[in-house]
Protein chains: 2
Amino acid sequence: MYNYKIIVSYDGTEYRGWQKQGNTKNTIQGALEKAVRAVTGETAEVIGSGRTDAGVHAVAQTANFKLSKKFPVEKLKEKLNRNVHDDICIQSVEEVDERFHSRLNAKGKTYLYRIQNTVESDVFRKNFQYHYDAELDIDKMRQAAQVFVGTHDFKSFCSNKHMKKSTERTVYSIDISKSDSGEIRMLFHGKGFLYNMVRIMVGTLIEAGRGEITPEDIEHMIELKDREKAGATAPACGLTLLEVEY
Amino acid sequence: MYNYKIIVSYDGTEYRGWQKQGNTKNTIQGALEKAVRAVTGETAEVIGSGRTDAGVHAVAQTANFKLSKKFPVEKLKEKLNRNVHDDICIQSVEEVDERFHSRLNAKGKTYLYRIQNTVESDVFRKNFQYHYDAELDIDKMRQAAQVFVGTHDFKSFCSNKHMKKSTERTVYSIDISKSDSGEIRMLFHGKGFLYNMVRIMVGTLIEAGRGEITPEDIEHMIELKDREKAGATAPACGLTLLEVEY
């Protein structure tokens with residue numbers, strides 16, 4: 001078998017997330033598998049580095065799939081792109097070692113969360129930002145974010161209540177900046193993240209930015225290991241998977 | 001009657017253009033009139049500076065409407081914004097002289113047309129740019145564009161075949177630039193434009209950029225006064241109304 005690694009961008013607005021779910025149509029994975037079938041005649045599972053939720057975007061999601069035949073990678077890329085809608089773009093196709101697995105071999109991920117912190121919304125960015133018009137104190141958000149950095153049990157920050165595997169994760173860094181135009185950019189770099197973990201951290205950091213909770217409150221939220229104690233899940237549209245490291 | 005002037009931004013992707021058409025739902029004008037009715041209880045015609053087609057965007061479309069009652073403008077703006085979807089945003093509301101008419105008083109308009117001239121498409125900009133992957137010579141486009149500047153009969157550049165009024169228009173300037181990321185930005189400034197005129201000029205300038213036609217060919221196109229002789233109508237998504245002058 002030949003193993004192909006692809007890097008894919010997508011605007012997730014119109015999709016029900018990455019992962020195929022039974023008969024659910026309109027998933028990124030489903031669209032890519034359909035394209036692979038159309039181009040190569042082979043039925044292959046397109047394995048992503050991880051799921052992204054409905055409405056979440058990716059600049060560089062990584063995936064791989066195996067085919068019985070060898071294809072020239074540039075041609076394969078061109079043909080795949082002709083078989084997906086224009087909200088998906090395969091940036092590169094590479095033949096890799098047969099043992100490469102985009103999920104199991106991922107060493108780190110970077111997510112960007114964008115908040116548009118202005119009174120008026122920007123109609124052109126509505127699918128890519130969370131419009132939040134109340135005042136947020138960036139310094140308080142930065143201080144609060146440092147509590148998440150390191151290795152913790154993030155059970156309180158996971159939407160999957162029936163998660164049986166470990167909910168321990170390592171966050172390398174969280175960087176928060178604000179542009180002159182009022183866009184707050186929050187970069188999350190970690191070894192891996194639980195289901196909805198970034199969005200719940202964002203919802204919690206917004207409470208910190210409002211002055212409603214302190215870094216100590218967040219320490220307590222982590223200790224309680226109870227999803228109910230953490231902040232709300234911030235909207236999907238603000239979230240973009242920027243990079244997967246191997 | 002009190003006359004209110006509004007400046008409106010919209011992402012035109014989901015709309016069938018500015019203008020109400022019989023029972024056609026989902027127009028910008030229709031959405032604004034519905035909001036005015038919901039907020040003020042009055043039925044008013046929202047008069048735009050001009051129509052924009054389905055899929056065309058606006059940073060600052062100008063419109064006006066008349067009400068029998070006086071409303072505080074800031075409150076009115078806030079309430080109107082709460083009554084439109086997040087792809088429309090009323091930037092300002094101002095009470096103006098009763099004689100002000102957003103279409104008849106318009107002295108000039110600026111449109112921006114964006115072409116993404118790269119091999120791969122940018123999935124995040126697909127609704128706001130025309131992705132064109134073949135090579136375009138910007139200098140040739142600039143030279144060709146100069147033919148349009150000035151006062152001409154633009155009948156060849158108008159999609160309305162049954163146009164009974166004058167098809168003479170004045171173009172003040174056309175500026176074309178290209179960013180490092182491969183985005184070609186074409187700014188059209190004129191006293192007014194015919195139906196589809198900017199998009200047909202863009203389609204024609206693309207032919208010039210491909211080296212298929214010369215400035216002399218464009219002069220000839222104008223002389224012939226025949227829509228069939230000019231270039232194709234470039235896609236709506238690339239077009240944005242930037243400003244209306246009074």
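Below, chains carry the letters A, B, ... as their sequence lines are ordered, and counting in each starts from 1. Here the structure is a predicted model, which means the values were calculated and not measured.
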Checklist line | For Arg142(A), all residues meeting side-chain hydrogen bond (donor to acceptor under 3.5 Å, both in side chains), sequence neighbours excluded | finding: Asp139(A)
Next item on the list: Tell me, out of Lys77(A), Gln91(A), His131(A), who's got the most heavy-atom pairs with chain B below 4.5 Å.
Entry: Lys77(A)
Check: By salt bridge (Lys or Arg N to Asp or Glu O under 4.0 Å), which residues pair with Lys70(A), not counting sequence neighbours?
Finding: Glu95(A)
Next item on the list: Please flag which part of Val119(A) lies under 4.5 Å from any non-hydrogen atom of chain B: side chain, backbone, both or neither.
Entry: neither
Next item on the list: Count the heavy atoms of every other residue, nucleotide or ligand shown that sit under 6.0 Å from CZ of Arg125(A), and state whether that count exceeds 12.
Entry: yes
Check: How long is the gap from CD on Glu78(A) to CD on Glu120(B), to the nearest 0.5 Å?
Finding: 8.5 Å
Notebook entry, point to check: What residues, two or more places apart in sequence or in another chain, satisfy salt bridge (Lys or Arg N to Asp or Glu O under 4.0 Å) together with Asp53(B)?
Noted result: Arg199(B)
Next item on the list: State, yes or no, whether a side-chain contact exists between Phe124(B) and Asn127(A) at a heavy-atom distance under 4.5 Å.
Entry: no
Notebook entry, point to check: Is Lys79(B) atom NZ crowded by more than 12 heavy atoms from other residues, nucleotides or ligands, each under 6.0 Å away?
Noted result: no
Next item on the list: Evaluate whether atom OH of Tyr195(B) has more than 12 neighbouring non-hydrogen atoms of other residues, nucleotides or ligands under 6.0 angstrom away.
Entry: no
Next item on the list: Verify the neighbour count for atom CD of Glu14(B): are there more than 12 heavy atoms of other residues, nucleotides or ligands below 6.0 Å?
Entry: no
Next item on the list: Could you tell me which residues in residues 80-89 of chain A have at least one non-hydrogen atom under 4.5 Å from a non-hydrogen atom of chain B, sorted by residue number?
Entry: Asn81(A), Asp86(A), Asp87(A), Ile88(A), Cys89(A)
